Amino acid sequence: MFATALAIGLLAPAIGAQQQPAQRELPPVATAHDRASAAAQPGSDNAKGHGRRDIEPPAAVDPETYRREKAAAVHGPAPTGAEIVAEPGAGSDQGAAASQAPSVALSFNGLDRPGAVNNGFVFNPPDTIVAKSPNRVLEGANSALRLFTNTGSVIQTQNLNSFFGASTSSGLLFDPKVFYDRNSPNPRFFVVALQVAGRDDSITSNDVSRIRVAVSRSPNPSSLASSNWCRYNIDGRRNVGTSNVSWADYPAIGVGRDSFSFAMNQFRFTDGAFRFAVIHVWNKNIAENNASSCPTVPRFTFQPSGTVGNFSRFTIQPAQSYTSPSSFSGTTNPAYYLSTTRGSSSQYHVYRVRNVAGGSPTLASLTLTGGSYGIPPDSPQPSSSIRIDTGDNRMLQVAGIGNNLVGMFTTVCNFTSGTANESCTRAPRVRVGQSGTGGLTASLPENTFAGVGNNIFVHHSSIATNTSLRSASNWESSGATRSLRSDARIKNVNAGWTNVSTYAPGSCSLPPTPPSTTTARSGDYSGAQLDPSLTSFWLAGEQAVPISSACQWRTRIARLVP
């Protein structure tokens, strides 16, 4: 979610999955060629001083509407029948022995709020994410990157502005996403972060929205120095010159066999109103062929909806495909994406971009109907009136194995009739294919609905999946008797979740995140990635712990052996 400068209905019934007709193939709404930026220089010191930059409530709707949505979620209609997942045992720093599968074989501290400082400013919330190459672990958080060895030794930490050579005059970078692409002749790390200025005013000359992208120049970069990375600085504005000129927020990244995708939600500069979701697609074969020099990369931009403010096309998550989906007649190396409809719904939206390397890609989409979902209520904290914002019901992450896509998002749920609602997870598995006439097809063979039970709130979970369709997830959870913590969970295909370990226990209650005086922001997402060896998973989650005599966020990273 966007970082600002501070001193500081009824649910649709659950029915069987039904496929609607695919849309026609849509061409890109724009094409461009992205050139690498000059070698990174330290960010200017226009943001001198010490303070904090806090993440506002989700920008999908205005703050008052969001407050009403969250209040209604406490006792409003909610889906029932969620699986209750047994609690994991508390994990030590090293977890259980690797031979006791499934187990957390290794865990270590990641970034924390003071350690992720950017030009004198600290951030809420962390937005932690993790990526894993054969010999490196890369973590992103607001507002820094940290590169580790496989055993958790720190190689280098760098704030996002310095890493991208981005002046602070247009704002501090936020919402980092990282991913390691193993499914490539030239495996590489990708890093994406955002920058914005000129919000909430009508002076168009103030409008700045930049999408920063970096690609490592080897599978195992020795450092975060500019010589090891190709960096790109892309204009994130859309609808320039119109009343709907907008800035990019909440990046979502993924890969297909030929493509690297980074999708955005676009919000109007003048008032923050949601305008459109867009998908940017690179030919990754060009982007990753960068050992000798940083190439210019063709980019195709798709806008799935032409309707302003269409929340059925919101937060489109690209699949992070660890193995390639099938090609078909007329369809070469497709990339896939999933999204939900924001608010109460039972719709699951599936998208395909095909023929990227050929230079003439097209977009198709369809909608499936399955289990119902809705915006979750916020979570209480122990001995505190401050509640943790559990977010909305947007798709959080999508993993891909061949033609199977597994997503993860948060939803309202209820375990005991007559009591207040909780927040749970849904993990839809979508099977994609193609009709005899070349149209996108999809089915929903599995849609796991799960939580912990009464008075415990699960939120901001992640997902990664291996070649046996065994999925791993970081579950952040909290409640009136539980400080914010992260658990490692695992599930087999067509089966429920199994606890593994609480690898990041919490021990205090977070203070409110300004400008709110009643709500604390925990991460807008957490991280999961399949190890490039395909034998284990890497997770990144958040915990609330005392740091310098104050309750603050800290992240932890874990290797989960299935």
Side-chain angles (χ1 to χ4, degrees), residues 1-8 37-56 59 109-129 138-148 154-178 191-201 206-214 221 223-229 231-236 247-251 511 513-515 521 523-524 542 547-548 550 552-555:
M1 301 292 180
F2 167 69
T4 57
L6 297 173
I8 42 174
S37 306
Q41 302 296 324
S44 67
D45 204 15
N46 295 335
K48 282 183 179 179
H50 297 279
R52 67 181 179 221
R53 285 171 89 89
D54 294 316
I55 304 297
E56 289 184 336
N109 287 340
L111 290 159
D112 56 32
R113 192 171 185 233
V117 64
N118 186 343
N119 284 275
F121 287 82
V122 289
F123 281 68
N124 269 328
D127 292 352
T128 183
I129 198 79
L138 179 64
E139 183 192 16
N142 280 324
S143 174
L145 297 173
R146 180 166 286 174
L147 190 64
F148 300 89
V154 176
I155 296 173
Q156 187 179 1
T157 303
Q158 195 169 46
N159 73 65
L160 289 173
N161 282 68
S162 293
F163 174 76
F164 281 103
S167 169
T168 59
S169 61
S170 294
L172 302 183
L173 270 66
F174 61 96
D175 278 8
K177 286 290 181 75
V178 299
V191 182
V192 173
L194 304 179
Q195 188 175 32
V196 68
R199 287 180 71 248
D200 298 326
D201 70 41
N206 292 340
D207 295 348
V208 176
S209 177
R210 310 305 300 182
I211 303 169
R212 305 280 182 161
V213 183
S223 72
L224 298 173
S226 60
S227 58
N228 293 318
W229 300 80
R231 294 168 164 89
Y232 299 82
N233 181 3
I234 299 167
D235 190 351
W247 52 276
D249 189 36
Y250 203 82
T513 302
R521 299 285 292 144
D524 294 322
E542 179 185 358
I547 302 174
S548 301
Q552 304 191 63
W553 61 261
R554 182 174 70 192
T555 68

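As the structure is a computational prediction, the values presented were derived from the model and not from experiment.
F174 has its side chain out of reach of D127: every pair of non-hydrogen atoms, C-beta onward, lies at least 4.5 Å apart. No side-chain heavy atom of L172 sits under 4.5 Å from any side-chain heavy atom of L160. Taking the side chain as every heavy atom from C-beta outward, P176 and V191 never approach each other to under 4.5 Å. Between D175 and D249 the shortest side-chain heavy-atom distance falls below 4.5 Å. Residues L194 and V196 form no side-chain contact, since every pair of their non-hydrogen atoms from C-beta on lies 4.5 Å or further apart. With contacts defined as side-chain heavy-atom distances shorter than 4.5 Å, the pair D207/W247 does not qualify.
The CG atom of D112 sits 4.0 Å away from the CD1 atom of I547 when rounded to the nearest 0.5 Å. Distance check, rounded to the nearest 0.5 Å: CZ of R210 to OG of S167 gives 12.0 Å. Interatomic distance, S143 OG to L173 CG, rounded to the nearest 0.5 Å: 6.0 Å. With rounding to the nearest 0.5 angstrom, the CG atom of N206 is 11.5 Å from the CG atom of D200. Separation of atoms CZ (R146) and CD (Q156) is listed at 11.0 Å; rounding is to 0.5 Å. To the nearest 0.5 angstrom, S209 atom OG is 11.0 Å from I234 atom CD1.
Looking at T555, its side chain does come within 3.5 Å of a backbone N or O of L111 through a donor-acceptor pair. Between the W229 side chain and the F164 main chain, no donor and acceptor come within less than 3.5 Å of each other. When atom types are taken as modelled, the side chain of R554 and the backbone of R113 share no donor-acceptor pair closer than 3.5 angstrom. Checked by atom type and distance alone, the side chain of E139 never pairs as donor or acceptor with a backbone atom of G110 at under 3.5 Å.
Across all their heavy atoms, G115 and T157 have their closest contact at O-CG2, 4.2 Å. When all heavy atoms of E542 and G523 are compared, the pair lying nearest together is OE1-N, 2.8 Å. Closest approach of A116 and A144 over heavy atoms only: CA-CB, 3.9 Å. Nearest heavy atoms, P251 versus K177: O-NZ, 2.7 Å.
Both tests pass for R231 against the ring of F163: distance under 6.0 Å to the centre and angle within 45° of the axis.
Side-chain contact annotation: S37 with N233, donor-acceptor N/O pair under 3.5 Å absent.
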V213 and I211: side chain to side chain contact (heavy atoms under 4.5 Å, CB included), yes or no, with the steps? CA-CA 6 Å; V213 183; I211 303 169; 4.1 Å; yes

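Residues passing the side-chain contact (heavy atoms from CB on, under 4.5 Å) test with N159, sequence neighbours excluded: N118, N119, N161, S162.
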